[in-house]
Number of protein chains: 2
Amino acid sequence: MKLKTKDSNTETDILNAAEVIFQRKGLDGARMQEIADEAGINKALLHYYFRSKQLLFETVFHKAFSLIAPQIKAILDDNSSIDDKIKNFTNNYIAFISEHPYLPNFIFQELNRNTDFISKVQKTIGFPTIDKFKKQLEREVKKGTIIPIKAEQLFINILALNIFPFLAKPLIKSITNTDENTFNHLMEERKTEVSNFIINAIKRK
Amino acid sequence: MKLKTKDSNTETDILNAAEVIFQRKGLDGARMQEIADEAGINKALLHYYFRSKQLLFETVFHKAFSLIAPQIKAILDDNSSIDDKIKNFTNNYIAFISEHPYLPNFIFQELNRNTDFISKVQKTIGFPTIDKFKKQLEREVKKGTIIPIKAEQLFINILALNIFPFLAKPLIKSITNTDENTFNHLMEERKTEVSNFIINAIKRK
DNA sequence: GTATGGTTTAACCAAATGGTTAACAAAGGT
DNA sequence: ACCTTTGTTAACCATTTGGTTAAACCATAC
């Protein structure tokens, strides 16, 4: 028998369980019964609290996306220097994902499967645009501290180098023939490796 | 009524249809009936030719993976210089994916969902390891033409910068506020942008 | 022509799945 | 004590889904 403490009510139990199952199996692969089991409750309760699978899923997705959005916002809307943005994002993001390894896959997969999610989420979350970053970068390029590069391309590169390894984990582990520990060690190294790489790439010679 | 030409038999019709549906919806999201409709045949024929959904899926996945594997192999096992490897892969891969935009998502998603796929595929396809590339890179680093960097990290970076934009397409389009055409144009630019970026990053100053 | 073999289909089936219902339990207010 | 609201459950339901079957179709060989 499950005892409820003050901070463990059924609703958050369900959300936590749904998070685990959806991130592991995706929207289509997840079973409502499986989520109920994971939460240790009756299946009908899922519908009592969240009406439908779709709504439960959207709640989970929204929550997941809310965790990542601010970090991207930091690159685009922050007042720090380009160098600092790169260093901070690299360091913070890799640390963050190491705690939530399923998150990137979950988000990108469902974003691709259901394209209108992004417009839905865009409305509810304060969603960043690239404009400010663009101006900042143009200033730096004009100053001559940075080689000419489009803001869009640099932004893509920053995201790519940080996020991709976690999306491609099984492939990378297989090709580089590394076990879980060695992979984690590689990611740990990337906290500085990646920012050095980027800064080196855009620095004037 | 569908006429069969010499090179259009039912089996390849099914494979083509399955490719489309599986890449669009994933293993769990795809419906056998939908694949049959796409192929313009009776659902029972799917089982006549491929026994089960799982086997049909594995055939499609295997085929998809076979398209990408040789390109990765080119980085790792080729005899060309590091610079050429980067230039060629960048140029070829981006061109290739522009023709098969669903491919990367499909592969990485299912690779994450079903980890033992990779060992299955590894057995049937001549699958590259990183050893040769590692030695080549160590030689270059010792020569002093390239800054010190681990082969694993450089390899990850090359893949990341090339593959990630296609995985993150919906997010990127949304944040950079670009339409389909502009996105494609950005990718076209990356054919040279990415290799310059990488080479700049690893070149001795 | 008709026997033979692979190919294709409509109809069918059992299991699984998201969702509902009605009854019951707990909690809280009066 | 009694009633109302909220939370929880077992049983149930309609539909969907992967898969099967038995009969029909059709080319080719005899």
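A, B, ... follow the sequence lines: proteins, then strands. Residue 1 opens every chain.
Nucleotide C:dG19 holds its C1' atom 13 Å from the CG atom of A:Leu56, rounded to whole Å. In this structure, the CZ atom of A:Arg51 is 12 Å from the C1' atom of C:dT20, given to the nearest Å. Look at NZ on B:Lys43: it is 13 Å from P on D:dT16, rounded to the nearest Å. When rounded to the nearest whole Å, the span between CD of A:Glu11 and P of D:dG7 equals 9 Å. Between the CE atom of A:Met32 and the C1' atom of D:dT9 there is a distance of 16 Å, rounded to whole Å. Taking atom CZ of B:Phe50 as the reference point, atom C1' of D:dG18 lies 16 Å away to the nearest angstrom. The interatomic distance linking B:Arg31 (CZ) with C:dA16 (C1') rounds to 11 Å, in whole Å. For the pair A:Lys25 NZ and C:dG18 P, the interatomic distance rounds to 11 Å; values are reported in whole Å.
Between A:Ala30 and A:Ala44, the one whose closest nucleotide on DNA chain C sits nearer the 5' end is A:Ala30.
With distances taken from any side-chain atom of A:Lys53 to the nucleotides C:dG18, D:dG18, D:dT8, the minimum falls on C:dG18. When the nucleotides C:dG18, C:dT8, D:dT9 are ranked by their closest atom to the side chain of A:Ile41, D:dT9 comes out on top.
Aromatic ring centroids of A:Phe127 and A:Phe65 lie under 6.0 Å apart. In this structure, A:Tyr93 has its ring center under 6.0 Å from that of A:Phe89. Residues B:Phe166 and A:Phe108 place their aromatic rings such that the two centres sit no closer than 6.0 Å. Separation of the B:Phe57 and B:Phe117 ring centroids falls under the 6.0 Å cut-off.
At a threshold of 4.0 angstrom between heavy atoms, the contacts of A:Tyr49 are confined to the sugar-phosphate backbone, with no base atom among them.
In this structure, B:Tyr48 does not reach the D:dG19 phosphate: none of its side-chain N or O atoms is under 4.0 Å from OP1 or OP2. Applying the 4.0 Å criterion to OP1 and OP2 of C:dT8, one finds that B:Thr10 has a side-chain N or O inside that range.
Heavy-atom minimum distance, A:Lys85 versus A:Ala74: CE-O, 3.9 Å.
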